[in-house]
Amino acid sequence: MILAFTILSLVLIGCGTLLWFMIGHERYTHRDSKRPLQLTGPASAAGSDALRAEPCRTVRVYFIKPSRYDEEGYVQFFRYGVQPNNTLTVLKALNDTLNQQRGAERNVVLETVIWDELCDGVVTPETIVAIKEKAIEDGVELLVGLAGVQSNQYARGRDLALQFVAKQIPTMMGGFHVSGYPQSREFLNSCGITTIVGEAETIWAELIEDFLRGELKLNYAVVDGIRAKTGQDDIIVPVITDAQLPTIDDRYLSRFFTTTMTTLDTSRGCPFTCSYCSVKNVMGRTMRSREPGAVVNWVRDAARHHGIESLFLVDDDFFRSPRWEEILTGLIEVRKEFPRFSFMMQVDVDASCFANLEPGETETAKHRRSRRFTELAARAGCYQAFVGIESLNPDNLNHATKYQNTEDRQHRMSLEDAKRRVLHKYRRVVENWHRVGVSVHAGYMLGFPFDGPDCGRVAAQMLRKIGFDMVSFFIMTPLPGTEDQVRYAKEGQIIDWDFNNLDSQHVTLRHEKMDTYTWYQAYRDAFTGFYSLGRLLSMILSVASGRGLSAEARRALWRQWSYYFFSYRQGRHPMVGGVWQIRRRDVRRSVITDEEARRQYLGGLRFDAILRGEGNDQFAAAPA
């Protein structure tokens with residue numbers, strides 16, 4: 001036994017010795033025990049760029065969508081939002097693309113934080129301090145962008161931007177308001193805030209490079225693209241064929257009432273000349289489309305990997321997209337794989353008006369195009385079409401240069417004939433959409449020059465009679481950057497210059513036929529007349545039956561009707577609100593005008609600069 005054990009031990013020792021020599025004894029030990037173990041490259045390699053360790057430069061970019069102040073000056077914040085903001089997700093996609101294309105090359109990483117004040121929470125002064133302290137703790141740089149700022153969000157966005165600047169944090173602002181209103185850009189630039197005019201796709205890489213060099217400019221505008229007409233001067237707009245599609249942020253979607261719904265823009269621009277609209281002046285009248293294949297693949301990926309079942313196509317007029325047929329055909333294929341997929345979209349009246357052939361009409365290209373569009377849209381999963389009809393009065397439509405609704409650009413018809421044509425056209429719009437199972441959501445404005453005290457009551461009555469399923473009512477508003485705003489300002493008709501009130505439910509104009517109280521009453525008559533308690537109960541109990549609508553269209557109407565009924569009665573416009581308001585009483589509006597905001601948030605900063613003897617032009621325009 002002992003002999004066998006001894007033989008086995010000798011064999012194992014021999015095998016181990018042989019293996020030690022085969023592998024190489026210097027892998028685990030050294031002949032010279034006095035030489036320390038070397039864990040780095042040799043000294044000769046110290047000067048090699050390939051082996052030199054470099055810290056990664058990290059820039060934490062906050063894209064913040066500001067909310068607005070309510071009637072009492074508190075920031076509007078809701079437990080649940082209603083519709084994700086497309087601008088935030090597109091901007092995050094731009095950062096993700098830069099990281100993929102240039103991150104390793106430049107050794108720079110862009111961290112992205114998207115923050116929608118409407119549903120993510122109010123950005124308080126303490127929040128701003130915490131953002132800066134966290135960046136210092138993590139050793140990262142900060143860049144803040146107030147994104148997609150509409151005119152009614154400008155006051156809140158301005159106040160936030162000035163507070164970030166006061167903490168020496170580089171800050172930017174973009175969106176329709178600063179793109180269309182030079183006076184606000186001039187003020188923001190004078191406070192050291194960078195402004196971005198137009199769409200960001202061809203600007204963003206240059207802006208980031210300037211920031212990394214410490215040479216961030218005060219203003220950026222699109223210079224690479226195509227020339228497009230507007231309602232005023234021509235502008236340059238980017239080609240978006242291969243532009244980055246939105247990033248789907250699952251954390252962001254969790255902040256909304258419907259977590260399986262998101263937004264997507266497949267085209268940009270609007271070919272029409274409506275005088276109240278700023279879209280044509282910021283995005284141009286030349287329609288531009290994304291690559292249909294990329295759009296369809298994005299939708300399929302969203303459904304497969306993120307559980308997306310519903311989309312809102314935020315194109316201003318999807319029917320005018322040059323690639324709508326390819327996109328709808330692709331979505332039909334997506335729906336075969338994901339039968340629950342559906343979407344809503346914005347279109348003009350011609351999208352469905354000519355889908356049928358009436359007695360006495362001869363079929364034309366516009367009939368075939370309209371019929372093809374409605375049929376494909378229904379098959380692709382469209383459950384609702386938002387149509388801007390704006391008024392039942394052809395005089396109002398002509399005044400707003402919305403000729404596509406009247407077909408009377410030369411004003412040759414009598415008023416009665418023109419009215420009859422307009423009402424008949426709207427009926428065809430509704431009937432043709434209902435024929436393919438799609439509900440119709442109308443946009444309607446109150447307060448055009450030819451409206452009177454009973455305009456709200458008459459509108460509610462006629463819209464119900466025509467058969468519209470939903471209506472969003474808006475008080476006529478002179479949005480900055482529009483022809484209406486320029487005209488009314490020149491005529492002295494604007495009585496309220498507080499941009500916070502440009503939310504389509506405040507009277508900001510003088511009207512020849514209505515005083516402010518009468519105008520508000522007409523607005524109330526419109527939404528109480530259309531969204532009556534009796535109609536709500538009927539809608540709920542019948543689940544919107546009896547109209548030939550698809551199951552998804554009926555379910556959506558049930559949800560939307562309930563939301564609109566309560567939102568209007570709580571004094572909030574449904575399109576700028578949410579579900580379950582939470583009021584933060586520690587943040588309240590304290591200033592109205594730009595100069596008051598400058599004194600409030602930057603006055604102390606300027607005083608400190610004077611004490612240090614610094615002649616900083618950044619605060620030269622601020623009163624002491």
Side-chain angles (χ1 to χ4, degrees), residues 64-68 70 74-89 92 114-123 147-148 150 152-153 246-265 299 302-303 305-314 338 340-346 381-386 439 441 443 469-473 503-505 527 531 536-537 539-540 543-544 549-584:
I64 300 174
K65 174 70 171 178
S67 182
R68 62 176 297 276
D70 66 15
Y74 297 107
V75 180
Q76 287 189 335
F77 164 49
F78 299 88
R79 174 62 183 86
Y80 298 105
V82 176
Q83 176 183 305
N85 182 261
N86 195 68
T87 301
L88 290 178
T89 52
K92 184 175 182 180
I114 58 176
W115 191 317
D116 191 334
E117 261 203 318
L118 198 69
C119 57
D120 277 325
V122 179
V123 179
Q150 305 284 351
N152 69 84
Q153 300 159 342
T247 294
I248 297 181
D249 188 313
D250 294 324
R251 195 281 318 165
Y252 182 43
L253 291 180
S254 71
R255 305 299 301 165
F256 293 87
F257 192 76
T258 305
T259 59
T260 57
M261 180 263 195
T262 190
T263 56
L264 172 67
D265 64 307
V299 174
H305 300 293
H306 300 276
I308 296 300
E309 296 179 349
S310 179
L311 277 181
F312 178 23
L313 300 183
V314 296
F338 302 97
R340 293 179 60 87
F341 171 76
S342 61
F343 66 93
M344 65 177 293
M345 60 183 174
Q346 300 180 105
C382 180
Y383 65 87
Q384 188 171 95
F386 182 93
S439 66
H441 187 158
D469 304 291
M470 296 282 300
V471 181
S472 288
F473 293 101
D503 60 351
S504 299
Q505 64 175 4
F527 69 74
Y531 296 101
L536 174 67
L537 294 176
M539 180 69 66
I540 292 175
V543 197
L549 303 180
S550 67
E552 180 53 36
R554 293 169 61 188
R555 285 192 294 266
L557 276 181
W558 190 92
R559 295 190 301 266
Q560 291 172 321
W561 249 83
S562 302
Y563 171 64
Y564 267 59
F565 180 88
F566 290 106
S567 289
Y568 271 127
R569 281 161 176 77
Q570 291 174 348
R572 294 193 305 269
H573 197 285
M575 288 194 173
V576 293
V579 178
W580 190 356
Q581 184 171 5
I582 301 172
R583 181 165 285 176
R584 288 287 303 267

Completion exercise
Taking every heavy atom of G571 against every heavy atom of Q505, the minimum-distance pair comes out as O-NE2, 3.2 Å

Practice task
With sequence neighbours left out, write down each residue that passes side chain to side chain donor-acceptor pair (under 3.5 Å) with T263, or none if nothing qualifies.
Solution key: N86

Practice task
Return the set of residues passing ring pair (Phe, Tyr, Trp, His ring centres under 6.0 Å) with F527 (not counting sequence neighbours), or none when no residue passes.
Solution key: Y523, Y568

Problem - Criterion side-chain contact (heavy atoms from CB on, under 4.5 Å) on Q150 and V576, from CA distance to verdict - result: CA-CA 11 Å; Q150 305 284 351; V576 293; over 6 Å; no

Exercise for the section: Could you tell me which residues satisfy ring pair (Phe, Tyr, Trp, His ring centres under 6.0 Å) with Y252, sequence neighbours excluded, listed by chain and number? Expected result: F256

Completion exercise
Closest heavy-atom pair, I114 versus R251, reported as atoms and distance to 0.1 Å, is O-NH2, 3.1 Å

Fill in the blank from the handout: d(R555 CZ, S550 OG) to nearest 0.5 Å is 8.0 Å

Handout entry: Heavy-atom donor-acceptor pair, E117 side chain to V123 backbone, under 3.5 Å
Key = yes

Exercise for the section: Could you tell me which residues satisfy side chain to side chain contact (heavy atoms under 4.5 Å, CB included) with A302, sequence neighbours excluded, listed by chain and number? Expected result: I248, W298, I308

Fill in the blank from the handout: Interatomic distance, CG@L549 vs OH@Y383, rounded to 0.5 Å, equals 13.0 Å

Handout entry: Which residues share a salt bridge (charged side-chain N to carboxylate O under 4.0 Å, His left out) with D469, sequence neighbours left out
Key = R547

Handout entry: Side-chain donor or acceptor of Q76 paired with backbone N/O of G577 under 3.5 Å
Key = no

Completion exercise
Residues passing the side chain to side chain contact (heavy atoms under 4.5 Å, CB included) test with E309, sequence neighbours excluded, are T260, R340

Exercise for the section: Compare all side-chain heavy atoms of V122 with those of S67 and state whether any distance is below 4.5 angstrom. Expected result: no

Practice task
Decide yes or no for D249 and R255: does some side-chain heavy atom of the first lie under 4.5 Å from some side-chain heavy atom of the second?
Solution key: no

Handout entry: M470 and S439, any side-chain heavy atoms less than 4.5 Å apart
Key = no

Problem - Side-chain donor/acceptor of Y564 to backbone N/O of P574, under 3.5 Å - result: no

Problem - Residue list, salt bridge (charged side-chain N to carboxylate O under 4.0 Å, His left out) with K65, at least two apart or on another chain - result: none

Fill in the blank from the handout: When every non-hydrogen atom of L88 is compared with those of A147, the smallest separation belongs to CD2-CB, 4.1 Å

Practice task
For Q570 and Q581, test the side chains for any donor-to-acceptor distance below 3.5 angstrom and give the result as yes or no.
Solution key: no

Practice task
Measure the CZ-CZ distance between F343 and F312 for me, rounded to the nearest 0.5 Å.
Solution key: 11.5 Å

Handout entry: Value rounded to 0.5 Å, distance of CD in Q346 from CD in Q384
Key = 10.5 Å

Problem - M539 versus W558, closest heavy-atom pair with distance - result: O-CD1, 3.9 Å

Fill in the blank from the handout: Across all chains, not counting sequence neighbours, the ring pair (Phe, Tyr, Trp, His ring centres under 6.0 Å) partners of F386 are H441

Practice task
Could you walk me through whether R584 and Y74 pass side-chain contact (heavy atoms from CB on, under 4.5 Å), step by step?
Solution key: CA-CA 7 Å; R584 288 287 303 267; Y74 297 107; over 6 Å; no

Problem - Set of salt bridge (charged side-chain N to carboxylate O under 4.0 Å, His left out) partners for R79, sequence neighbours left out - result: none

Exercise for the section: Answer whether the closest heavy-atom distance between the side chains of L118 and F78 falls below 4.5 Å. Expected result: yes

Exercise for the section: Give the C-alpha distance, both sets of side-chain angles, the deciding distance and a yes or no for ring pair (Phe, Tyr, Trp, His ring centres under 6.0 Å) between Y531 and W561. Expected result: CA-CA 8 Å; Y531 296 101; W561 249 83; 4.8 Å; yes

Problem - Min side-chain heavy-atom separation F566-R572 under 4.5 Å - result: no

Handout entry: Minimum side-chain heavy-atom gap P84-M261 below 4.5 Å
Key = yes

Practice task
Provide the closest heavy-atom pair for P246 versus D265 in the form atom of the first, atom of the second, distance.
Solution key: CG-OD1, 4.4 Å

Problem - F77 side, atom CZ; W580 side, atom CH2 - distance, nearest 0.5 Å - result: 10.5 Å

Problem - Minimum heavy-atom distance H573-S504, with the two atoms named - result: CD2-O, 4.2 Å

Fill in the blank from the handout: Residues passing the side chain to side chain donor-acceptor pair (under 3.5 Å) test with Q83, sequence neighbours excluded, are none

Handout entry: Any side-chain heavy-atom pair of L311 and T262 under 4.5 Å
Key = yes

Fill in the blank from the handout: Sorted by chain and residue number, the side chain to side chain donor-acceptor pair (under 3.5 Å) partners of R554 (sequence neighbours excluded) come out as none

Handout entry: For R569, all residues meeting side chain to side chain donor-acceptor pair (under 3.5 Å), sequence neighbours excluded
Key = none

